[in-house]
Amino acid sequence: MKTVMHVLGAIFSCFVLIGCGGKEEKKKEGFTYEKKTDTTQKEDVNENDVVITGNDLMKFNKSEIKVKSGKKVKITLKHIGKMDKNVMGHNFVLLKQGVSVSSFGNKASAFSKNEYIPEGTTDVIAHTKLIGAGETATIEFDAPEPGTYDFLCSFPGHYAIMKGKFIVE
Ligand code: CO
């Protein structure tokens, strides 16, 4: 009988532990949410200091970036996914005005050895290197003339979704 009680006791303890585990999960979710809020606040410190993320769902977290003219621009690209750069690579490519995202994207897909930047291209104002899971790439360049420019990820097939407007005010 004692043994039976011990076994029952052990089973009961397991339930209690599982219950506790569940609560911890909830706490973690709450923490993640707070962290995201903090990041957003930091991004606004310097308007020409831009942080953009790319994920495993082939998406940037921004479709519009606004900067001020006559200053340096700093772009920090973070890959927040888990996939390798060979299958879910991301870069940030800012195109000169008049260059279309689709024609550049199509051309770039042939340049896998150059991280999908056409060699000797004159279509690009600035670009980061190609990155994969957990990596970060930062570039700095002078803001171009006021106007609207296109940016994209030039990894094959990504430009259809991974693109946006870069507005210099
Ligand atoms: Co990409």
Side-chain angles (χ1 to χ4, degrees), residues 28-29 31-69 71-169:
K28 269 182 202 161
E29 277 168 29
F31 180 67
T32 311
Y33 175 73
E34 283 164 25
K35 232 169 99 185
K36 272 180 191 164
T37 313
D38 278 348
T39 313
T40 315
Q41 285 168 346
K42 272 179 200 162
E43 280 172 31
D44 297 332
V45 170
N46 180 347
E47 51 203 345
N48 279 16
D49 225 349
V50 180
V51 178
I52 182 167
T53 64
N55 64 16
D56 285 344
L57 297 173
M58 217 166 84
K59 278 183 177 163
F60 282 134
N61 69 333
K62 286 183 165 70
S63 58
E64 188 182 283
I65 292 171
K66 279 186 180 171
V67 297
K68 297 281 179 214
S69 62
K71 287 179 166 183
K72 283 250 186 258
V73 176
K74 184 178 169 188
I75 303 278
T76 302
L77 171 67
K78 292 181 180 175
H79 193 310
I80 57 168
K82 292 188 161 58
M83 292 167 83
D84 194 82
K85 77 171 178 181
N86 295 321
V87 285
M88 189 52 73
H90 299 316
N91 60 9
F92 174 94
V93 182
L94 181 62
L95 298 178
K96 286 186 183 166
Q97 277 176 331
V99 180
S100 103
V101 167
S102 56
S103 68
F104 181 86
N106 284 334
K107 194 163 64 176
S109 63
F111 292 87
S112 61
K113 282 179 186 158
N114 202 40
E115 297 195 323
Y116 304 107
I117 301 296
E119 277 163 74
T121 184
T122 55
D123 295 340
V124 172
I125 294 170
H127 70 88
T128 67
K129 63 178 183 172
L130 191 71
I131 58 172
E135 291 182 304
T136 297
T138 303
I139 46 165
E140 276 190 50
F141 54 95
D142 292 322
E145 290 293 295
T148 302
Y149 301 77
D150 289 302
F151 70 85
L152 72 148
C153 168
S154 68
F155 191 89
H158 287 199
Y159 70 81
I161 300 171
M162 298 190 80
K163 63 179 175 182
K165 298 292 179 190
F166 183 91
I167 300 159
V168 184
E169 294 174 321

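All residue numbers in this chain count up from 1 along the given sequence. Note that ligands are numbered from 1 as they come in the structure, with each ligand's atoms numbered from 1 the same way.
- Side-chain contact check for His79 versus Met88: some heavy-atom pair is nearer than 4.5 Å.
- Ring planes of His158 and His90: tilted class, angle from 30 to 60°.
- With respect to the Co ion (ligand 1), His90 has ND1 as its nearest N, O or S atom.
- For Phe155, every N, O or S atom stays at 2.8 Å or more from the Co ion (ligand 1).
- Within the 4.5 Å cutoff, side-chain heavy atoms of Val67 are placed close to those of Phe166.
- At least one side-chain heavy atom of Tyr149 sits under 4.5 Å from a side-chain heavy atom of Gln97.
- Angle subtended at the Co ion (ligand 1) by Cys153 SG and His158 ND1: 110°, rounded to 10 degrees.
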